[in-house]
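One structure is given here, and the rest of the page talks about it.
Starting from 1, each residue takes its place in the sequence as its number. Keep in mind it's a predicted model, so treat the numbers as computed, not measured.
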Amino acid sequence: MQQLKAEVVIQIPKDMVLVSKIELEELKRQELTGVYWTMKDLQKRINKSDRWIKDNILYPSKFRKILDVENGGFVYYPKNQGQTWSYQATKMAAFLEKHFKEIFKG
């Protein structure tokens, strides 16, 4: 069996860098660190209406006991008219990933 050894030079444009997948995932996580989403942010993120989000994620008791800050969660449920929803972005993103099947099964 013959073997051939070759050296290849690949030029990377100056406006780009190579990073490992692990490093890329860490950068994505850091992007959300210290960020709070509003309802509009969450709607954009998952491409669903506020009514759908409330009916399928926020109000079902199985999720609310995990999410509500009153229960140690990471979602602020408004108590009065005019107050806004607030979500701790890193934890909400992780919750959505983890519970995807449950959310859509209903």
Side-chain angles (χ1 to χ4, degrees):
M1 178 187 254
Q2 292 184 2
Q3 291 185 352
L4 177 64
K5 183 177 181 182
E7 185 176 309
V8 178
V9 176
I10 300 173
Q11 290 188 349
I12 300 171
K14 290 182 181 187
D15 63 335
M16 300 187 136
V17 296
L18 287 176
V19 296
S20 70
K21 285 183 181 182
I22 294 170
E23 196 172 354
L24 178 60
E25 290 303 316
E26 180 59 27
L27 288 169
K28 286 180 183 178
R29 267 193 303 280
Q30 287 178 7
E31 178 184 334
L32 296 178
T33 301
V35 173
Y36 298 147
W37 288 338
T38 63
M39 178 61 83
K40 293 251 185 258
D41 295 326
L42 185 58
Q43 285 176 262
K44 267 193 260 179
R45 198 78 177 185
I46 66 173
N47 199 29
K48 297 289 183 189
S49 70
D50 64 334
R51 176 55 33 212
W52 188 94
I53 292 169
K54 290 173 184 175
D55 290 345
N56 294 280
I57 300 172
L58 298 172
Y59 289 142
S61 60
K62 66 181 176 181
F63 295 139
R64 185 165 182 165
K65 62 184 170 190
I66 299 168
L67 298 172
D68 197 333
V69 294
E70 297 290 325
N71 300 327
F74 43 89
V75 175
Y76 174 76
Y77 285 70
K79 302 204 181 344
N80 301 309
Q81 183 94 18
Q83 289 184 323
T84 59
W85 291 86
S86 190
Y87 311 87
Q88 192 174 358
T90 51
K91 292 184 179 181
M92 190 64 186
F95 173 86
L96 294 168
E97 287 292 317
K98 181 178 179 183
H99 295 280
F100 180 83
K101 288 179 187 174
E102 290 175 81
I103 291 167
F104 282 91
K105 276 186 178 178

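Remark: side-chain polar atoms of E25 are not paired, donor with acceptor, to backbone N or O of I22 under 3.5 angstrom. N71 contributes no side-chain N or O that, together with a main-chain N or O of G73, makes up a donor-acceptor pair within less than 3.5 Å.
Atom CG in L18 sits 10.5 Å away from atom CD in E23 (nearest 0.5 Å). Between atom CD of residue E97 and atom CZ of residue F95 there is a gap of 12.0 Å, rounded to the nearest 0.5 Å. Interatomic distance, OH of Y77 versus CG of L67, reported as 4.5 Å (0.5 Å rounding). Between the CD atom in Q83 and the CD atom in Q81 there is a gap of 10.0 Å [rounded to 0.5 Å]. Note: L42 CG to K44 NZ = 11.5 Å, rounded to the nearest 0.5 Å. Rounding to the nearest 0.5 Å places CD of E26 at 12.0 Å from NZ of K28.
Between M39 and T84 the shortest side-chain heavy-atom distance does not fall below 4.5 Å. Annotation: side chain of K79 is in contact with side chain of E70 (closest heavy-atom distance under 4.5 Å). By the 4.5 Å heavy-atom criterion applied to side chains, K40 and W85 are not counted as neighbours. Taking 4.5 Å as the limit, some side-chain heavy atom of Q43 sits within range of a side-chain heavy atom of I53. Taking the side chain as every heavy atom from C-beta outward, D68 and F74 never approach each other to under 4.5 Å. Between V17 and I12 there is no side-chain heavy-atom pair separated by less than 4.5 Å. The closest side-chain heavy-atom distance from Y76 to Q88 is not below 4.5 Å.
Applying the ring pair (Phe, Tyr, Trp, His ring centres under 6.0 Å) test to residues at least two apart or on different chains, the pairs with a partner in residues 8-52 are W52-F104.
Both Y59 and I57 sit in one connected hydrophobic cluster of ILVMFWY residues. Membership requires side-chain heavy atoms under 4.5 Å apart, directly or through other members. Connection of V35 to I46 is established within a shared hydrophobic cluster, with ILVMFWY side chains joined at heavy-atom distances below 4.5 Å, either directly or through further cluster members.
For K54, the NZ atom is densely surrounded, since the number of other residues' heavy atoms within 6.0 Å is greater than 12. The number of heavy-atom neighbours closer than 6.0 Å to CZ of F100, taken from other residues, nucleotides and ligands shown, is 12 or below. Applying the 6.0 Å contact sphere to NZ of K91 captures no more than 12 heavy atoms from other residues, nucleotides or ligands.
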Set out, in order, the CA-CA distance, both residues' side-chain angles and the distance that settles salt bridge (charged side-chain N to carboxylate O under 4.0 Å, His left out) for R51 and D55, then state yes or no.
CA-CA 6 Å; R51 176 55 33 212; D55 290 345; 3.0 Å; yes

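Among all heavy-atom pairs drawn from L96 and I103, the shortest one is CD2-CD1, 4.0 Å.
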